[in-house]
Colleague: 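There's a structure below that I have some questions on.
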Amino acid sequence: MQLLFIHSDYIEYEAKEKTRVAEELETKSERVEEALVVFIAVEHEDEQNVDYVVTKAAEETISIFNKVGAERIVLYPYAHLSSELASPDKSVEILRALRDNLHAQGMEVKKAPFGWYKAFTLRCKGHPLSELSRKITVLEGAEVGEVKEVEAKSKALEAEEKAESQFFVMDDQGTLIPADEFDFGAEQANLRQFFLYESEKRRAVDKVPPHVELMKRLEIADYEPSSDPGNLRFYPKGELIKTLLEDYVRTTVAEYGAAEVETPIMYSVKHPALKDYIERFPARQYSMVGKGAKPDLFLRFAACFGQFLMSKDMSISYKNMPVKMFELAPSFRKEKRGELVGLRRLRKFTMPDMHTLCRDMDEALNEFKMQYELGMRVLDSIGFSSSDYEVAIRFTKDFYDANKDFITDLVNIAGKPVLIEMWDQRFFYFVLKFEFNFVDALGKASALSTVQIDVENAERYDIKYIDTSGAEKRPIILHCSPSGAIERCMYALLEKAYLEKERGIPPMFPLWLSPTQVRLIPIAERHLEYVESILPALSGLRVDVDDREETVSKKIRDAGREWIPYVAVVGDKEVETKTLSVTIRGESYGNTKKGKKQEMDVLELKTRVEQEIKGKPFRQLPLSNKLSKRVKFVGG
RNA sequence: GCCGCUGUGGCUUAGGGGUAAAGCGGCUGAUUCGUAAUCAGCAGAUCGUGGGUUCAAAUCCCACCAGCGGCUCCA
């Protein structure tokens, strides 16, 4: 039985039209003041134990009635609360029994007619307890007469709660060691951090995450108070970095063989295959309520639906497989307020999302391994070495028993101990997944690359291919994000730079992602003309000129605050000798934080930078190359 | 969503029942400078929003919004 309680100032209802299951009318219309209105759907299972459902419902109702201080009760049959309704006869019987039960306990009770279309007006009081819902369940296998309450919950969620998992560490020999017995030592301190985060999911910290301050100061991104939280604004430098990362992931995935597609960002909640997802995380959905004949829509949380719906309509032969498609998908997840942090966790983010349709588990495993390696390559190029992240591999026990060697293989490829999570049963769509997790300055872990083997959605979306015998078969689907969310990569780059700064290394971005790659600093105004004359020779790099009327010291300092990798000072000497005095941030002198200074000519500098960014995407500087022309986006 | 802390010019902060102070940034002027902040002057704030208490509120109270931390959670 589903119950929805509303403490109201009044309710007015009027029976309009009969349905086939209508009971005889006691009162056609009614207005009741100060009522606790109880919307009720009697469900199929309630028929098994009518007495106890009625008793329990009466108990609940009276308890809430007393708590909110209502004066009377209105029972309002409301079929829409459930999709597994009891038979109409039984429903009427139970509703009447409930009314009589409440009446017998001295309550003033009205019951709206069952089986009628009714018009109603209700004014809810709006205090904290004025809207409550309850579900009363007769559990299968329970003793006769035993009635147990549970919260209404989707089946997937219930299964997830029942599923139990265990953490292990797997070493390079393929030995599974329970994680709390593993000796992490100094070498695996980061893995230990990650395990603690995964198992306890709590860290006592009292600091603002370093990347939040950095993303503002470096004019990368910022909060936008006029939007929904977690929807950020990106300044030109941030947009540049984001676009470069997207360019990189896009071309890498294309080289891997995935076809880029675009699918809608919003979908109708009515689609049967989408329903399960939505019901699992209803509160995390951005949704729009349709009016009139327009459907209710929700914003996608990943590219899965679009690509699955596309796959359903494709004609796929075993000869075409594996089929890979990719999308740089703007995605929306209405995460709870307390979970949002800077660029780490957003409500709107860009998810590179690739799906691979495989003929069978063998092919899926083969692809899985390749995508595992792809993830490592992508992270390496973005600027994360394997010591910057920790590997997690998660699977069901059944899967592990059948594929032990495969898992050991993955651990060997990682080349270091890996955190293993083993579930006793499958509770969602996948049997195996891995993630590469970045552990930040505050000990928080977040996933970057990930791949999952999905054994469920081909069925749900009716995706099929024709095998060698001409029969239709269900593919196995791999979900892959080779880099993880683009914004999260930016967060990890910032946190990594911060961690390095703590260790005495000048913080910076990889050269290919640095907004300004080379800054030219004329010492006095008379050197400006020469500086501008060498700009054409540096085309193809992001070069700017600090032409502001400031002292050299100040310009150097500002370039350092912007993490600029190459800073070239030009004065009388350089004009004369046609050289540049270049400070290289990445090569610092011993313990001093100052970059190494080196004389070189323009061509040398250009060659050096080009060498360093070879094979990476390039975009022009999105700002004026003269600092005096540039606006400040953030304070100062 | 719940609990706690915070919210003062563009930025960072001080102050705290009698309508605001500083540094940075901006503007103006001087300086044309050799590797991590040149000097001086000027402009700029009804102190997050909305209520309330008070003769008087940025300051006290309430609600809301936002940020941060914790809980929870992350398809």
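So that the names make sense, note that chain A is the first sequence line, chain B the second, and so on, each numbered from 1. Treat the numbers as computed from the prediction; the structure is a model and nothing was measured. In what follows, every heavy atom counts, from backbone to side chain, and hydrogens, waters and symmetry copies are set aside.
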Colleague: For A:Leu340, answer base if it contacts any base atom (sugar-phosphate contacts may also be present), sugar-phosphate if it contacts only those atoms, and nothing otherwise; contact means non-hydrogen atoms under 4.0 Å.
Modeller: sugar-phosphate
Colleague: Please find the pair of heavy atoms, one from A:Gly230 and one from A:Leu346, that lie closest to each other, and give the distance.
Modeller: O-CB, 3.5 Å
Colleague: Do A:Ser628 and A:Arg548 meet the criterion of a side-chain donor-acceptor pair at a distance under 3.5 Å?
Modeller: no
Colleague: Take atom CG of A:Leu528 and atom C1' of B:rG34, then tell me their distance rounded to the nearest Å.
Modeller: 16 Å
Colleague: Expressed as a whole number of Å, how far does the P atom of B:rA57 sit from that of B:rG41?
Modeller: 35 Å
Colleague: Classify A:Lys555 by what it touches in the nucleic acid, base, sugar-phosphate, or nothing, heavy-atom distance under 4.0 Å.
Modeller: nothing
Colleague: Using a cut-off of 6.0 Å, state whether more than 12 heavy atoms not belonging to A:Arg333 lie near its atom CZ.
Modeller: yes
Colleague: Consider ring pair (Phe, Tyr, Trp, His ring centres under 6.0 Å). Of A:Phe438, A:Phe434, A:Phe436, which one does A:Tyr389 pass it with?
Modeller: A:Phe436
Colleague: B:rC55 and B:rU13: how far apart are their P atoms, nearest whole angstrom?
Modeller: 36 Å
Colleague: Go through B:rC73, B:rU32, B:rA37 for me and flag the one nearest to the A:Ala524 side chain.
Modeller: B:rU32
Colleague: Please classify the nucleic acid contact of A:Val569 as base, sugar-phosphate, or nothing, using heavy-atom distances under 4.0 Å.
Modeller: base
Colleague: Looking at B:rA30, which nucleotide sits across from it as a Watson-Crick or G-U wobble partner, both distances under 3.5 angstrom, or is there none?
Modeller: B:rU38
Colleague: Does A:Ser581 reach a base, just sugar-phosphate, or nothing at all? Heavy atoms under 4.0 Å.
Modeller: base
Colleague: Could you give the CD-to-P distance, from A:Gln452 to B:rC74, as a whole number of Å?
Modeller: 13 Å
Colleague: When the P atoms of B:rA20 and B:rA45 are considered, how many whole Å apart are they?
Modeller: 12 Å
Colleague: Using Watson-Crick or G-U wobble geometry with both distances below 3.5 Å, tell me the partner of B:rG17, or none.
Modeller: none
Colleague: Rounding to an integer number of angstrom, what distance separates B:rA14 and B:rC73 when you compare their P atoms?
Modeller: 36 Å
Colleague: Base, sugar-phosphate or nothing for A:Val341? Non-hydrogen atoms, less than 4.0 Å.
Modeller: sugar-phosphate
Colleague: Please tell me if the side chains of A:Tyr235 and A:Met215 come closer than 4.5 Å, counting only heavy atoms from C-beta onward.
Modeller: no
Colleague: So if I take every side-chain heavy atom of A:Pro229 and compare against B:rG26, B:rG67, B:rU35, which nucleotide ends up nearest?
Modeller: B:rG67
Colleague: What's the closest nucleotide to the side chain of A:Glu550 if the choices are B:rU38, B:rU31, B:rA75?
Modeller: B:rU38
Colleague: Between A:Phe332 and A:Ser227, which has a closest nucleotide on RNA chain B that is more 5'?
Modeller: A:Ser227
Colleague: Map A:Ile523 and A:Arg488 onto RNA chain B by nearest heavy atom, then report which one ends up closer to the 5' terminus.
Modeller: A:Ile523
Colleague: Is there a Watson-Crick or G-U wobble partner for B:rA57 with both distances under 3.5 Å, and if so, which one is it?
Modeller: none
Colleague: Paired with B:rG7 by Watson-Crick or G-U wobble geometry, both distances under 3.5 Å: which nucleotide is it?
Modeller: B:rC65
Colleague: Taking atom C1' in both B:rA56 and B:rC60, what distance in whole Å separates the two?
Modeller: 13 Å
Colleague: Who is the Watson-Crick or G-U wobble partner of B:rA43, with both distances under 3.5 Å?
Modeller: none
Colleague: Over how many whole Å does the gap from A:Leu346 atom CG to B:rA66 atom C1' extend?
Modeller: 16 Å
Colleague: Calculate, to the nearest 0.5 Å, the distance between atoms CG and CG belonging to A:Leu520 and A:Leu535 respectively.
Modeller: 6.0 Å
Colleague: Base, sugar-phosphate or nothing for A:Asp558? Non-hydrogen atoms, less than 4.0 Å.
Modeller: nothing
Colleague: Check every strand shown and say whether A:Gly342 touches a base, only sugar-phosphate, or nothing at a heavy-atom separation below 4.0 Å.
Modeller: sugar-phosphate
Colleague: With a 4.0 Å limit, can you tell me whether A:Lys554 has a side-chain N or O closer than that to the phosphate oxygens OP1/OP2 of B:rU38?
Modeller: no
Colleague: Between B:rU49 and B:rC11, how far apart are the P atoms? Round to whole Å, please.
Modeller: 13 Å
Colleague: Which whole-number value in Å describes the distance from A:Lys629 NZ to B:rG26 P?
Modeller: 15 Å
Colleague: Could you tell me how far B:rC2 sits from B:rA21 if I compare only their C1' atoms? Round to whole Å.
Modeller: 39 Å
Colleague: Taking the minimum atom-to-atom distance to the side chain of A:Val552, which one of B:rG34, B:rA36, B:rG1 wins?
Modeller: B:rG34
Colleague: Determine which nucleotide pairs with B:rG1, using a 3.5 Å limit on both distances of a Watson-Crick or G-U wobble pair.
Modeller: B:rC71
Colleague: Rounded to whole Å, please give me the gap between CZ in A:Arg217 and C1' in B:rG25.
Modeller: 14 Å
Colleague: Contact class for A:Glu574 (heavy atom, under 4.0 Å): base, sugar-phosphate, or nothing?
Modeller: base
Colleague: To the nearest Å, give me how far apart CZ (A:Arg426) and P (B:rA75) are.
Modeller: 16 Å
Colleague: How many whole angstroms separate atom CE of A:Met351 from atom C1' of B:rC74?
Modeller: 11 Å
Colleague: Regarding A:Glu604 and A:Arg608, does a basic nitrogen lie under 4.0 Å from an acidic carboxylate oxygen?
Modeller: no
Colleague: Phosphate oxygens OP1/OP2 of B:rU35: is one of them under 4.0 Å from a side-chain N or O of A:Ser553?
Modeller: no
Colleague: If you measure from CD1 on A:Ile556 to CD on A:Glu550, what distance do you get to the nearest 0.5 Å?
Modeller: 13.0 Å
Colleague: Nearest whole Å is fine: how far is B:rC74 C1' from A:Glu335 CD?
Modeller: 5 Å
Colleague: Do the side chains of A:Glu562 and A:Lys237 get close enough for a salt bridge, i.e. N-O under 4.0 angstrom?
Modeller: yes
Colleague: Measuring from the side chain of A:Arg345 (C-beta onward, heavy atoms only), which nucleotide among B:rA75, B:rC33, B:rC73 has the closest atom?
Modeller: B:rC73
Colleague: Could you tell me whether the phosphate oxygens of B:rC73, OP1 or OP2, come under 4.0 Å of any side-chain nitrogen or oxygen in A:Lys444?
Modeller: no
Colleague: A:Arg526 near the nucleic acid: base, sugar-phosphate alone, or nothing, with a heavy-atom cut-off under 4.0 Å?
Modeller: sugar-phosphate
Colleague: Nearest to the A:Lys597 side chain among B:rA75, B:rU35, B:rU38, which nucleotide is it?
Modeller: B:rU35
Colleague: Please determine whether any donor N or O and acceptor N or O are separated by less than 3.5 Å between the side chain of A:Arg333 and the base of B:rC73.
Modeller: no
Colleague: Could you tell me how far B:rG29 sits from B:rG67 if I compare only their P atoms? Round to whole Å.
Modeller: 42 Å
